[in-house]
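Read through the structure below, which is laid out as structure tokens, and then see the notes.
What you see is a predicted model; the values in this text were computed from it and never measured.
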Amino acid sequence: MPSLQGFEFWRTTLKGARYVVAPMVDQSELAWRLLSRRHGAELCYTPMMHAQVFVRDANYRRDNLYSEVCPEDRPLITQFCANDPEVFVKACLLAQDHCDAIDLNLGCPQMIAKRGHYGVFLQDEWDLLEKMVTLANEKISVPITCKIRVFSEIERTVQYAQMLEKAGCQLLTVHGRTKDQKGPSTGVASWEHIKAVREAVNIPVFANGNIHHLSDVEQCMKETGVQGVMSAEGNLHNPALFEGRSPPVWEMAEEYLEVVHQHPPCTLSYVRAHLFKLWHHTLQIHQDLREELGKVKNVQGLAEVSRQLKIRCQEEIANGGEKARQGGTLPFPHWICQPYIRPVSKDPVANGNGRLGSEVKTVCHKRSLSQDSDGQIDGLSKNQQKKKARNPYKNFCSEQRRKPVMLISSSCCKRKALKEVADCLSKVLHTNGHFRSKDRRHLNCSLFLKEKKRRLWGAGLLCRVAKKKPYLRPANKKKRLRWTKEHRHWTEEELCLEGQRP
């Protein structure tokens, strides 16, 4: 049981933090957190970690938390995704000495969360969530917090928040979007839901959603009454968001690379992703450097591409900024840190007032893989077309890509072939009256032949000639198996009669 709870925990341990950097997978690593703290962030979260992997893998613990311990990086909240109370508690016990609180991710809407059964896809399993939060609150010495998404109904969202508070949650972060609001359907977050939750619970509440500028932060706190505001994408495009500044991109990029150099090691993919975010608008213009940024293999190469982008932007400024605005769609020149605003869909899930509109599920008619954007059938999927563009001599043989007739896995196919004494035609190549296994991955039919031979031999049904000159024999040096045409159509009765011949 933590010694400090609720508002006392927020005021004392978190020092009354109002400006919060969200947990972002592969993005809120140590270097980025330190950069954000330099520019106004008062509280940061680690990237989401998988509790089960954290418990069983010491290297995972070291790379994602233990090696990133830094006195400057406090207060800090560690976030886990989990769906098992015991595993979640074990992960919390391993992490509690390296952070100020543990957060349970109940807001991730991505497909990987659906497959792993965690994140927002647990929001209907209240008994499980109550057990997880209660057990963790009893066992560990730091407070438990939760990050959630809202339901379409305000009343159900409020009940959800109250359930978590009763279970032992000491701080609640509310993302004002539903689990269906993601990607092209992101829409506008509902501050009305967040306000209702804030008024219904007696613990600190952070708001998340629609935060692009410092003015958005102030407006959100005024309208909802929350204790703090969390930013994710806004922070990635402008680390100085909480300072109320929009500095040149190269200023933030150079400072970030400096922090990366001071606090090694930092995964190259993380650094590359951050530079792509920072230079997003500029890279829409300088496509050649965009390709170069994706190809370089070390941090020095990334720094050099960033330097070239800086030089080109400064040349544009010196020439009067003719290319400063990309078609006049940006509020600032492209070299200034500014948020990326997602295009609004024709039927947004939420209206401009922040209220969730009636959600209309549209049926997505997927086109055939063999059709291009113009509806022309060329026989290749989009992925195959990309490979063909890279290698014009690439050959895609449809016969080699046949799927199993039974539409089951190889292991299941093997068992089915043995049980039913049947051929799997999709994994066999027929040539010159014979058939042979295509490769070493698909030996199901060969295994079937071995098993059939063993059964008939044991029953005394194989003819003497077949024993001396087996109908199963090596076809080549790789020991692939062939069933000769002579014995191909024999039945057990015929073999029995053959075996009775003198």
Side-chain angles (χ1 to χ4, degrees), residues 21 24-41 44 47 67-68 70 72-73 212-213 231-341 390:
V21 175
M24 296 172 284
V25 176
D26 297 344
Q27 298 282 268
S28 57
E29 83 285 357
L30 175 62
W32 189 259
R33 297 197 301 265
L34 293 177
L35 176 68
S36 300
R37 290 180 189 275
R38 290 183 181 183
H39 295 281
C44 293
S67 65
E68 293 195 346
C70 178
E72 305 170 25
D73 188 32
H212 301 296
H213 305 281
S231 176
E233 285 199 4
N235 169 261
L236 290 177
H237 288 276
N238 182 12
L241 181 150
F242 293 125
E243 284 184 327
R245 295 195 307 124
S246 294
V249 174
W250 59 80
E251 179 182 324
M252 292 292 97
E254 290 173 353
E255 187 174 357
Y256 171 63
L257 292 170
E258 179 186 346
V259 177
V260 169
H261 180 71
Q262 293 173 353
H263 297 272
C266 186
T267 306
L268 182 66
S269 61
Y270 299 178
V271 183
R272 192 195 312 273
H274 281 301
L275 292 180
F276 266 114
K277 289 283 188 181
L278 289 171
W279 287 108
H280 173 80
H281 300 294
T282 301
L283 291 173
Q284 306 304 311
I285 299 173
H286 302 286
Q287 294 285 342
D288 57 328
L289 291 181
R290 179 185 182 87
E291 295 178 3
E292 187 65 24
L293 187 62
K295 291 179 181 178
V296 293
K297 303 298 183 182
N298 50 55
V299 176
Q300 292 74 20
L302 295 175
E304 176 59 25
V305 175
S306 182
R307 189 184 68 84
Q308 294 179 25
L309 286 166
K310 173 184 176 180
I311 292 174
R312 293 194 184 184
C313 291
Q314 290 177 337
E315 289 176 353
E316 290 183 25
I317 296 173
N319 294 332
E322 292 84 0
K323 299 181 181 179
R325 300 178 184 271
Q326 188 182 1
T329 59
L330 298 177
F332 304 106
H334 61 80
W335 57 76
I336 298 297
C337 288
Q338 55 194 300
Y340 167 69
I341 308 298
R390 291 194 296 267

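- The heavy-atom pair separating L283 from Q287 by the smallest distance is O-NE2, 3.6 Å.
- Side-chain contact check for H213 versus L241: every heavy-atom pair is 4.5 Å or farther apart.
- Contact check for P339 versus N238: no side-chain heavy atoms found under the 4.5 Å cut-off.
- Among all heavy-atom pairs drawn from L268 and V299, the shortest one is CD1-N, 3.7 Å.
- Residues that satisfy the side-chain contact (heavy atoms from CB on, under 4.5 Å) test with R245, not counting sequence neighbours, are H39, A240, E243, P247, E251, M252.
- Among all heavy-atom pairs drawn from C44 and R33, the shortest one is CB-CD, 3.6 Å.
- Although no hydrogens or angles enter the test, the distance criterion places a donor-acceptor pair under 3.5 Å between the side chain of Q284 and the main chain of H280.
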message: Apply side-chain contact (heavy atoms from CB on, under 4.5 Å) to residues H286 and R312 and explain how you reach the verdict.
response: CA-CA 9 Å; H286 302 286; R312 293 194 184 184; 3.3 Å; yes
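- To the nearest 0.5 Å, atom CG of residue L278 and atom CG of residue L309 are 11.0 Å apart.
- Considering all non-hydrogen atoms of both residues, G294 and F276 come closest at N-CZ, 3.9 Å.
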- request: Let me see the working for E29 and T267 under side-chain contact (heavy atoms from CB on, under 4.5 Å), right down to the final yes or no.
  value: CA-CA 9 Å; E29 83 285 357; T267 306; over 6 Å; no
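- For the atom pair CD of E68 and CG of D73, the computed distance is 8.0 Å after rounding to the nearest 0.5 Å.
- C313 and W335 get closest at one heavy-atom pair: SG-CB, 3.7 Å.
- Salt bridge status for R38 with E255: present, with a side-chain N to carboxylate O gap under 4.0 Å.
- Residues passing the side-chain contact (heavy atoms from CB on, under 4.5 Å) test with H263 are L30, L34, C70, V259, sequence neighbours excluded.
- The pair R307-E254 does not meet the salt-bridge criterion, since no charged nitrogen lies less than 4.0 angstrom from a carboxylate oxygen.
- The CG atom of L330 sits 10.0 Å away from the CD1 atom of I341 when rounded to the nearest 0.5 Å.
- With rounding to the nearest 0.5 Å, the separation of CG in L302 from NZ in K295 is 14.0 Å.
- Residues I336 and V249 form no side-chain contact, since every pair of their non-hydrogen atoms from C-beta on lies 4.5 Å or further apart.
- Between the side chain of H274 and the main chain of W32, no donor-acceptor pair closer than 3.5 Å is present.
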message: As a quick check of understanding, evaluate side-chain contact (heavy atoms from CB on, under 4.5 Å) for H281 and Q338, giving each step before the final call.
response: CA-CA 9 Å; H281 300 294; Q338 55 194 300; 3.7 Å; yes
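- A distance-only check finds no donor-acceptor pair linking the side chain of Q300 to the backbone of N298 [under 3.5 Å].
- One finds no salt bridge joining D26 and R272 here, because no Lys/Arg side-chain nitrogen approaches an Asp/Glu carboxylate oxygen to under 4.0 Å.
- In this structure, N235 contributes its side chain and S231 its backbone to no donor-acceptor pair below 3.5 Å.
- Applying the side-chain contact (heavy atoms from CB on, under 4.5 Å) rule to E258 yields the partners Q262; only residues at least two apart in sequence or on another chain are considered.
- The heavy-atom pair separating A31 from Y256 by the smallest distance is CB-CE1, 3.9 Å.
- Under the 3.5 Å distance criterion, with hydrogens and angles disregarded, no donor-acceptor pair is assigned to the side chains of S306 and W250.
- Looking at T282, its side chain does come within 3.5 Å of a backbone N or O of H334 through a donor-acceptor pair.
- Side chains of E233 and H212: no donor on one and acceptor on the other come within 3.5 Å.
- To the nearest 0.5 Å, atoms CG (L236) and CE (M24) are separated by 4.0 Å.
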